[in-house]
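Just so it is clear, the model here is predicted, and its values are computed rather than measured.
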Amino acid sequence: MIKIIKDDRGSREEIFSVSEKKADVSLIVKEIIEKVKAEGDSALKFYAEKFDKAVLKSLAVTEEEIKAAKEQVEPEFLAVIERAAKNIREFHQNQKRQGFSFQPSNGVTVGQKIIPIERAGLYVPGGTAAYPSTVLMDAIPAKIAGCEQVVMVTPPDKNGNINPVILAAAAVAGVDKIYKVGGAQAIAALAYGTETIPKVDKIVGPGNAFVAEAKRQVFGVVSIDMIAGPSEIMVVADGTNNPKHIAADLLSQAEHDKLASAVLITDSEEFAKKVQDQLEQQIPKLERSEIARTSIDDNGKIIITDSIDSAIELANAIAPEHLEICVDEPMKYLDKIKNAGSVFLGKNCPEALGDYLAGTNHTLPTSGTARFSSPLSVDDFIKKTQYIYYDKSALEKVYKDVELFAKKEGLTAHAKSATVRFEE
């Protein structure tokens with residue numbers, strides 16, 4: 001049963017107290033990466049057989065496979081994927097940056113260029129669940145940014161096939177190349193390249209502990225989006241809410257995995273007990289009830305504060321991945337929220353809207369990193385290059401300043417590079 005506690009301004013670790021026993025996967029991942037670096041495609045086929053029980057003749061997904069997959073997906077769901085993609089494009093189009101250029105004085109031009117990264121790598125989990133929403137969330141911002149090539153990797157089933165809904169989403173999102181490879185070996189292939197899979201510049205997308213560790217180990221060779229922790233939801237709700245709705249929202253994250261955290265903050269002890277009762281009624285009815293049960297029992301909490309304002313203060317201290325503000329006038333609290341991955345405003349805005357359809361991105365900072373990081377966006381697929389132009393008369397006005405600065409730092413060659421242009 002979920003625990004009800006009074007607000008004592010506990011630490012993040014106390015509130016999102018994930019009882020995680022981490023296996024030391026670093027050595028296993030290192031071995032996998034080294035094997036992929038040394039053996040390329042043959043290593044990927046070896047691991048596909050070992051981990052996925054799939055014997056692969058080819059790693060690449062063909063156009064025929066993609067076309068067949070789209071035909072297998074129900075037209076109704078394909079239409080939903082397309083509507084979601086439209087909303088995601090519309091939201092992320094607003095994130096596009098422009099470069100700038102200006103002339104601070106005669107003969108001087110300074111500016112900044114926005115340049116898309118050339119090749120983005122998307123990791124999409126497979127296994128027991130398929131996440132076409134992740135394909136849309138990761139691929140569409142990359143395409144809007146202008147990446148020349150978007151490459152996707154995802155593990156095959158034992159027959160060497162990819163789930164049709166994953167391929168259909170990839171087609172809708174405009175993914176350029178798709179490969180049948182998962183796990184740490186897929187991350188290694190994207191980072192270093194193989195005979196078939198091209199080396200990318202950035203890897204994005206969620207995965208299990210081995211995928212996360214592989215991303216950690218290849219960072220520096222390539223860029224990565226983030227190291228994601230277990231999913232989190234924090235719901236701030238007053239006593240006017242329907243407890244059935246709030247319990248359902250908490251369980252929407254608790255069903256993700258046993259390490260997920262679901263926390264309610266409310267100013268009503270009576271309402272807290274009603275939500276607690278609703279959780280007990282709803283959990284047995286879930287298809288993933290065992291997972292939700294463990295998540296709620298181990299990591300779930302209901303915290304009672306003296307006011308909604310205090311609840312917002314606590315939310316800012318915790319910096320949750322998902323934050324629901326379930327009150328009648330949520331907009332008056334929006335400016336007070338400083339630390340959250342994504343904010344869901346009002347009584348009719350369940351977190352699942354953001355997962356699938358609203359258009360905002362669902363790849364979000366976890367583990368308190370919303371204090372300093374952001375949801376996946378178009379910005380993740382661009383880089384900025386600055387530039388400077390001085391003509392000789394402009395340099396003449398400042399070269400002595402450059403000389404003095406350089407000499408103060410003991411870098412006389414720096415100084416000389418400026419002064420030499422004005423020696424007789």
Side-chain angles (χ1 to χ4, degrees), residues 25-69 117-127 130-131 134-135 138-139 142 147-164 166-171 173-225:
V25 301
S26 60
L27 292 178
I28 299 169
V29 168
K30 184 178 181 182
E31 180 181 318
I32 291 171
I33 291 173
E34 291 302 319
K35 186 175 179 68
V36 173
K37 283 172 67 177
E39 300 175 20
D41 286 355
S42 65
L44 299 180
K45 292 176 181 178
F46 168 81
Y47 287 122
E49 187 169 357
K50 180 177 180 179
F51 297 131
D52 305 311
K53 312 306 179 188
V55 178
L56 300 177
K57 291 182 180 179
S58 172
L59 297 170
V61 174
T62 65
E63 290 296 328
E64 289 75 18
E65 287 176 286
I66 296 170
K67 182 180 178 182
I117 64 173
E118 291 182 31
R119 189 177 285 134
L122 315 181
Y123 185 89
V124 177
Y131 299 107
T134 295
V135 179
D138 291 354
C147 296
E148 289 182 17
Q149 192 175 55
V150 176
V151 176
M152 189 177 96
V153 292
T154 190
D157 64 19
K158 64 182 180 181
N159 298 314
N161 299 318
I162 304 299
N163 191 304
I166 295 292
L167 295 183
V175 173
D176 298 298
K177 298 286 184 182
I178 308 170
Y179 299 98
K180 302 174 183 180
V181 55
Q185 61 272 26
I187 301 301
L190 290 175
Y192 295 98
T194 70
E195 300 94 319
T196 300
I197 300 177
K199 172 180 165 63
V200 303
D201 303 301
K202 183 162 190 170
I203 301 171
V204 305
N208 62 20
F210 293 90
V211 170
E213 177 60 24
K215 287 171 71 176
R216 193 190 311 274
Q217 289 191 24
V218 301
F219 177 63
V221 175
V222 292
S223 178
I224 62 171
D225 53 349

Separation between OG1 (Thr194) and CG (Asp41), nearest 0.5 Å, reads 4.0 Å

Separation of Ile187 CD1 from Ile203 CD1 (nearest 0.5 Å) = 5.0 Å

Is Val181 close to Tyr47 at the side-chain level, that is, under 4.5 Å between some pair of heavy atoms?
-> no

Is Phe46 close to Lys35 at the side-chain level, that is, under 4.5 Å between some pair of heavy atoms?
-> yes

Taking atom CD of Glu39 as the centre, report whether more than 12 heavy atoms of other residues, nucleotides or ligands fall under 6.0 Å from it.
-> yes

Heavy-atom pair with the smallest gap, counting every atom of Gln149 and Asp176 = CA-OD2, 3.3 Å

If every non-hydrogen atom of Tyr123 is compared with every non-hydrogen atom of Pro206, which pair is closest and at what distance?
-> CD2-O, 3.0 Å

Please indicate whether Glu195 has more than 12 foreign heavy atoms, meaning atoms of other residues, nucleotides or ligands, lying under 6.0 Å from its CD.
-> yes

Taking the side chain from Gln185 and the backbone from Ile32, do they hold a donor-acceptor pair closer than 3.5 Å?
-> no

In short, Tyr131 meets Pro125 closest at the heavy-atom pair CD1-CB, 4.3 Å

For Val124, does its backbone N or O pair with a side-chain atom of Thr154 as donor and acceptor, under 3.5 Å?
-> yes

To the nearest 0.5 Å, atom CG of Leu190 lies from atom CD1 of Ile224 at 12.5 Å

Under 3.5 Å: donor-acceptor pair, side chain of Lys180, backbone of Gly160 = yes

Lys199: what forms a side chain to side chain contact (heavy atoms under 4.5 Å, CB included) with it, not counting sequence neighbours?
-> Val221, Val222

Mind checking whether Ile33 and Tyr192 have side chains closer than 4.5 Å, heavy atoms only?
-> yes

Under 3.5 Å donor-acceptor, Lys45 side chain and Lys57 backbone = yes

Write down the atom of Pro198, the atom of Val151, and the distance for their closest heavy-atom approach.
-> CG-CG2, 3.9 Å

For Pro156 and Ile162, work out which heavy atoms get closest and say how close.
-> CA-CD1, 3.8 Å

Provide the closest heavy-atom pair for Glu213 versus Val25 in the form atom of the first, atom of the second, distance.
-> CB-CG2, 3.7 Å

Under 3.5 Å, side chain of Asp225 to main-chain N/O of Gly205, donor-acceptor pair present?
-> yes

Do Val135 and Leu122 touch side chain to side chain, with heavy atoms closer than 4.5 Å?
-> no

Output yes when Lys67 and Glu64 qualify as a salt bridge under the 4.0 Å nitrogen-oxygen rule, no when they do not.
-> no

Has the side chain of Asp157 got a donor or acceptor atom that lies under 3.5 Å from a matching backbone atom of Asn159?
-> yes

Does Ser223 have any side chain to side chain donor-acceptor pair (under 3.5 Å) partners at least two apart in sequence or in another chain, and if so, which?
-> none

CD1 (Ile178) and CG (Leu59) are apart, to the nearest 0.5 Å, by 13.5 Å

